[in-house]
Amino acid sequence: EDGGKQIDISEGIFGDKPFEFYVGTKQVTEGWDLSLLDMKEGEARRLVIPLGPGYGSNGASGSIPLDSALYFE
């Protein structure tokens, strides 16, 4: 939406298996944990995670710039 760069697409990274993690256990960013807590099985959701609960001023492994909002579909 703001001309951002796509930095990850899960297809192929995990083969044909879904990315699995336990919500609320800090295995993913705080933004994912907070956004997914009330989701139901089979529900789809578009996530827009501001920099605070995303990667913040740390960025991520050089692929996500500092202070970036994150968009997931």
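Quantities reported herein were computed from a predicted structural model and do not represent experimental measurements. Position 1 is the first residue of the sequence, and the numbers go up from there.
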> Going by the angle between their ring planes, with limits at 30° and 60°, are Trp32 and Phe72 parallel, tilted or perpendicular?
Replying inline: perpendicular
> Can you name the side chain to side chain contact (heavy atoms under 4.5 Å, CB included) partners of Glu43, sequence neighbours left out?
Replying inline: Met39, Lys40, Arg45
> If every non-hydrogen atom of Tyr71 is compared with every non-hydrogen atom of Arg46, which pair is closest and at what distance?
Replying inline: CD2-NH2, 4.0 Å
> Are Leu47 and Leu36 close enough, and set up right, to give a side-chain contact (heavy atoms from CB on, under 4.5 Å), and what steps lead you there?
Replying inline: CA-CA 9 Å; Leu47 303 181; Leu36 303 178; 4.2 Å; yes
>> Using 0.5 Å steps for rounding, measure from the CZ atom of Phe21 to the CG atom of Asp33.
In response: 7.0 Å
>> Could you work out, with side chain to side chain contact (heavy atoms under 4.5 Å, CB included) as the rule, every residue matching Pro53, not counting sequence neighbours?
In response: Glu30, Ile49, Pro50
